[in-house]
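What follows is a single structure, written as C-alpha coordinates, with notes after it.
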Amino acid sequence: MSDMNEVTKGIGELLISDVLSKHGIRRENTRQISDEQKQKIRELVKDLQAQVDEFMKQQAVKTTQVPKDLHAPSEATDAANPRRRR
(Lines give C-alpha, C1' and ligand atoms only; values in the text may rest on other atoms or scores of the structure.)
Protein backbone atom coordinates (compact mmCIF):
# COMPACT_ATOMS: atom_id res chain seq x y z
CA MET A 1 0.00 0.00 0.00
CA SER A 2 2.91 2.33 0.67
CA ASP A 3 4.01 2.11 -2.96
CA MET A 4 0.53 3.15 -4.07
CA ASN A 5 0.65 6.17 -1.75
CA GLU A 6 4.00 7.22 -3.20
CA VAL A 7 2.71 6.87 -6.76
CA THR A 8 -0.43 8.86 -5.94
CA LYS A 9 1.60 11.55 -4.19
CA GLY A 10 3.99 11.78 -7.14
CA ILE A 11 1.14 12.09 -9.65
CA GLY A 12 -0.53 14.76 -7.54
CA GLU A 13 2.67 16.79 -7.27
CA LEU A 14 3.23 16.50 -11.01
CA LEU A 15 -0.29 17.67 -11.86
CA ILE A 16 -0.15 20.56 -9.42
CA SER A 17 3.24 21.76 -10.66
CA ASP A 18 2.01 21.50 -14.25
CA VAL A 19 -1.07 23.63 -13.54
CA LEU A 20 0.93 26.22 -11.63
CA SER A 21 3.55 26.38 -14.38
CA LYS A 22 0.84 26.68 -17.05
CA HIS A 23 -0.53 29.79 -15.33
CA GLY A 24 2.91 31.34 -14.72
CA ILE A 25 2.86 30.92 -10.97
CA ARG A 26 6.33 30.74 -9.43
CA ARG A 27 7.38 30.22 -5.84
CA GLU A 28 8.91 33.73 -5.79
CA ASN A 29 5.61 35.47 -6.53
CA THR A 30 3.38 33.59 -4.12
CA ARG A 31 2.21 34.99 -0.83
CA GLN A 32 3.09 33.35 2.45
CA ILE A 33 0.39 31.67 4.51
CA SER A 34 0.26 31.61 8.29
CA ASP A 35 1.13 28.60 10.42
CA GLU A 36 -2.55 28.39 11.38
CA GLN A 37 -3.57 28.17 7.71
CA LYS A 38 -0.92 25.52 7.07
CA GLN A 39 -2.24 23.48 9.99
CA LYS A 40 -5.82 23.75 8.67
CA ILE A 41 -4.68 22.57 5.25
CA ARG A 42 -2.85 19.61 6.83
CA GLU A 43 -5.99 18.69 8.78
CA LEU A 44 -8.13 18.90 5.64
CA VAL A 45 -5.72 16.71 3.72
CA LYS A 46 -5.57 14.20 6.58
CA ASP A 47 -9.38 14.08 6.74
CA LEU A 48 -9.65 13.68 2.98
CA GLN A 49 -7.08 10.87 3.05
CA ALA A 50 -9.08 9.08 5.75
CA GLN A 51 -12.25 9.40 3.66
CA VAL A 52 -10.49 8.06 0.58
CA ASP A 53 -9.03 5.14 2.55
CA GLU A 54 -12.48 4.27 3.94
CA PHE A 55 -14.00 4.47 0.46
CA MET A 56 -11.29 2.19 -0.93
CA LYS A 57 -11.88 -0.35 1.86
CA GLN A 58 -15.60 -0.38 1.11
CA GLN A 59 -14.94 -0.85 -2.60
CA ALA A 60 -12.53 -3.71 -1.88
CA VAL A 61 -15.16 -5.45 0.25
CA LYS A 62 -17.81 -5.00 -2.44
CA THR A 63 -15.59 -6.46 -5.16
CA THR A 64 -14.55 -9.49 -3.10
CA GLN A 65 -18.07 -10.46 -2.02
CA VAL A 66 -19.87 -12.90 -4.31
CA PRO A 67 -23.66 -12.85 -4.14
CA LYS A 68 -25.12 -16.05 -2.65
CA ASP A 69 -27.43 -16.56 -5.62
CA LEU A 70 -24.44 -17.16 -7.89
CA HIS A 71 -23.53 -20.28 -5.91
CA ALA A 72 -27.00 -21.77 -5.45
CA PRO A 73 -28.88 -23.30 -8.38
CA SER A 74 -32.00 -21.40 -9.28
CA GLU A 75 -35.49 -22.90 -9.40
CA ALA A 76 -35.57 -22.28 -13.14
CA THR A 77 -32.50 -24.48 -13.52
CA ASP A 78 -34.12 -27.20 -11.40
CA ALA A 79 -37.32 -27.07 -13.47
CA ALA A 80 -35.36 -27.30 -16.70
CA ASN A 81 -33.52 -30.38 -15.46
CA PRO A 82 -36.14 -32.74 -13.97
CA ARG A 83 -33.59 -35.54 -13.31
CA ARG A 84 -31.79 -33.36 -10.83
CA ARG A 85 -32.51 -34.30 -7.24
CA ARG A 86 -33.22 -31.81 -4.53
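Residues that satisfy the side-chain contact (heavy atoms from CB on, under 4.5 Å) test with I16, not counting sequence neighbours, are L20. Evaluation of the side-chain contact (heavy atoms from CB on, under 4.5 Å) rule for E54 yields K57, Q58 as partners, not counting sequence neighbours. Residues forming a side-chain contact (heavy atoms from CB on, under 4.5 Å) with E43 (at least two apart in sequence, or on another chain): Q39. With sequence neighbours left out, D47 forms a side chain to side chain donor-acceptor pair (under 3.5 Å) with Q51. In this structure S34 satisfies the side-chain contact (heavy atoms from CB on, under 4.5 Å) test together with E36, Q37, sequence neighbours excluded.
Applying the salt bridge (Lys or Arg N to Asp or Glu O under 4.0 Å) definition to pairs two or more places apart or across chains, none involves residues 16-31.
Just one of K38, K40, K46 meets the side-chain contact (heavy atoms from CB on, under 4.5 Å) condition when paired with R42; it is K38.
Alongside V61, the hydrophobic cluster contains no other residue (criterion: ILVMFWY side chains under 4.5 Å). Hydrophobic cluster of I33: the remaining members, joined at side-chain heavy-atom separations below 4.5 Å, are I41, V45, listed by chain and number.
Of the possible donor and acceptor atoms, one in the side chain of T63 sits under 3.5 Å from a partner among the backbone N and O of Q59.
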